[in-house]
Protein chains: 2
Amino acid sequence: MEARRDVFQAIADPTRRAIIGMIAQQPVNVNTIAEKFDVSRQAISLHLKILSECGLLNIQQQGRERFCEARLDKLNEVHEWVAQYHKLWTGRMAALKQFVEQEELLPKSPKKHKKTKK
Amino acid sequence: MEARRDVFQAIADPTRRAIIGMIAQQPVNVNTIAEKFDVSRQAISLHLKILSECGLLNIQQQGRERFCEARLDKLNEVHEWVAQYHKLWTGRMAALKQFVEQEELLPKSPKKHKKTKK
DNA sequence: TATATTTGCAAGCAAATGATTGCATATTAT
DNA sequence: ATAATATGCAATCATTTGCTTGCAAATATA
């Protein structure tokens, strides 16, 4: 269990995404997190370790408890990767929409063009 | 190989992200994609299958070639998931920045407060 | 038609993943 | 001091992943 360890890998697991959602607002201790899932505490512990290893969460010890705090800024890498494509496709959609509207509004547009073949 | 098959899982693999980047602008056929990587064509073929299965790419047969076209809109799920947290953390940063600036500008701000303990 | 090209499918494999159970350790409450 | 609580670590295990190689099918070219 010592392989690729990056943010994309980390958020690929639904349990880990749920954990992030659970601690996004405020730090939560390990057991409280574990109780919300129906897998063993150890399994959650491993997920926390993975999240921690790729910087997505900080752990603050407080007495015998450990509070997990989300480091949302570490999602930046993902955000940027997706955002570039998001921009690309929304840009295309906008262009398409504009094109369609323009076609529709042209008073004498030769509709036959729609059927231009091959 | 019949398990979880979602977009998050799909983009977890760096090769698959690279493939998406390669076909984001225009469709590319399978062999051309495969040539860009130093793994076997079969390995790429499997990645394409995975991407296709979760809707991230369409395949259009053209003669004996198959062109892979990116379906960037399918990244929406990821975009939305990340965007909510992006908003959260940038919001916090903005608030923090504002707070700091306000502190600095207050003529008679009691600086001791910085040291408020525990 | 014979041959080359493009691609998929299947079998086999090592490594990674996600989970479990049992035991150890530190801290807090009795 | 003793018991209870919170948590980590290690061993183990079934699946999944990513890859490879070999073979088959469809299409294009000589």
Side-chain angles (χ1 to χ4, degrees), chain A residues 1-23 26-70 78 118, chain B residues 1-23 26-70 78 118:
Chain A
M1 247 177 238
E2 271 282 357
R4 220 184 319 140
R5 189 113 310 170
D6 58 87
V7 180
F8 284 93
Q9 191 66 31
I11 65 168
D13 186 277
T15 302
R16 288 196 285 269
R17 288 201 299 281
I19 290 175
I20 290 174
M22 195 174 295
I23 65 177
Q26 79 291 124
V28 180
N29 71 306
V30 177
N31 270 0
T32 305
I33 296 172
E35 282 163 12
K36 301 292 176 66
F37 298 89
D38 52 356
V39 294
S40 73
R41 182 179 56 75
Q42 302 304 341
I44 296 300
S45 195
L46 178 59
H47 284 307
L48 293 176
K49 193 181 173 191
I50 289 172
L51 288 171
S52 165
E53 277 175 15
C54 71
L56 274 167
L57 72 78
N58 277 344
I59 296 184
Q60 319 155 212
Q61 184 103 25
Q62 222 162 89
R64 62 184 162 186
E65 288 173 286
R66 293 188 169 202
F67 285 82
C68 304
E69 177 186 33
V78 180
K118 187 123 197 277
Chain B
M1 248 178 240
E2 271 280 359
R4 218 186 320 141
R5 190 112 310 172
D6 59 86
V7 180
F8 284 93
Q9 192 66 33
I11 66 169
D13 185 276
T15 302
R16 288 196 287 269
R17 288 200 299 281
I19 290 175
I20 290 174
M22 194 174 295
I23 64 176
Q26 77 289 122
V28 180
N29 71 306
V30 177
N31 271 0
T32 305
I33 295 173
E35 282 163 12
K36 301 291 176 69
F37 298 89
D38 52 355
V39 293
S40 73
R41 181 178 57 75
Q42 301 304 340
I44 297 299
S45 195
L46 178 59
H47 284 306
L48 293 176
K49 192 180 174 193
I50 289 172
L51 287 171
S52 164
E53 277 175 15
C54 70
L56 273 167
L57 72 80
N58 276 344
I59 296 183
Q60 319 155 212
Q61 185 102 24
Q62 222 161 92
R64 62 184 161 185
E65 288 173 285
R66 290 186 172 206
F67 285 82
C68 304
E69 176 186 33
V78 180
K118 184 116 195 283

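Sequence lines set the chain letters: A, B, ... in the order given, protein chains first and strands last, and positions in each chain run from 1.
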Which whole-number value in Å describes the distance from A/Arg5 CZ to C/dA16 P?
10 Å

Check the distance between D/dC13's P and A/Leu46's CG and give it to me in whole angstrom.
18 Å

When you compare the side chain of A/Thr15 with that of A/Ile44, does any pair of heavy atoms fall below 4.5 Å?
yes

With sequence neighbours excluded, residues passing side chain to side chain donor-acceptor pair (under 3.5 Å) with B/Gln26:
none

CG of A/Asp13 versus C1' of C/dT17: gap in Å, rounded?
9 Å

Do any of residues 28-42 of chain B sit with a heavy atom less than 4.0 Å from DNA chain D, and if so which?
B/Val39, B/Ser40, B/Gln42

Rounded to whole Å, NZ of A/Lys49 lies from C1' of D/dT7 at a distance of 13 Å

Closest non-hydrogen atoms of A/Cys68 and A/Ile59, given as atom of the first, atom of the second and distance, are SG-CG1, 4.4 Å

Please identify each residue that fulfils side chain to side chain donor-acceptor pair (under 3.5 Å) with A/Gln60, with sequence neighbours left out.
none

Roughly how many Å is it from CD in A/Gln9 to C1' in C/dG18, rounded to a whole number?
12 Å

Heavy atoms of A/Ala10 and A/Leu51 approach each other most closely as CB-CD2, 4.2 Å

To the nearest 0.5 Å, how far apart are CD in A/Glu53 and CD in A/Gln9?
12.5 Å

Using atom CD of B/Glu53 as one end and atom C1' of C/dC9 as the other, report the distance to the nearest whole Å.
13 Å

Measure the distance from CZ on A/Phe67 to P on C/dT27 and round it to the nearest whole Å.
15 Å

For B/Ser40, which residues count as a side chain to side chain donor-acceptor pair (under 3.5 Å) partner, sequence neighbours excluded?
none

d(CD1, A/Ile44; P, D/dT7) in whole Å:
12 Å

State, to 0.1 Å, how close B/Arg17 and B/Ile11 come at their nearest heavy-atom pair, and which atoms those are.
NH1-O, 2.7 Å

Listed in order of residue number, which residues of residues 57-66 of chain B have a non-hydrogen atom at under 4.0 Å from DNA chain D?
B/Gly63, B/Arg64

Less than 3.5 Å apart, which donor and acceptor atoms pair up between the side chains of residues 29-38 of chain B and the rest of the protein, not counting sequence neighbours?
residue : atom : partner : partner atom : Å
B/Asn29 : OD1  : B/Thr32 : OG1          : 2.3
B/Asn29 : ND2  : B/Glu65 : OE2          : 3.2

N or O in side chain of B/Ser45 less than 4.0 angstrom from C/dT7 OP1/OP2:
no

Can you see if the side chain of A/His47 gets near the phosphate of C/dT17 - specifically, an N or O under 4.0 Å from OP1 or OP2?
no

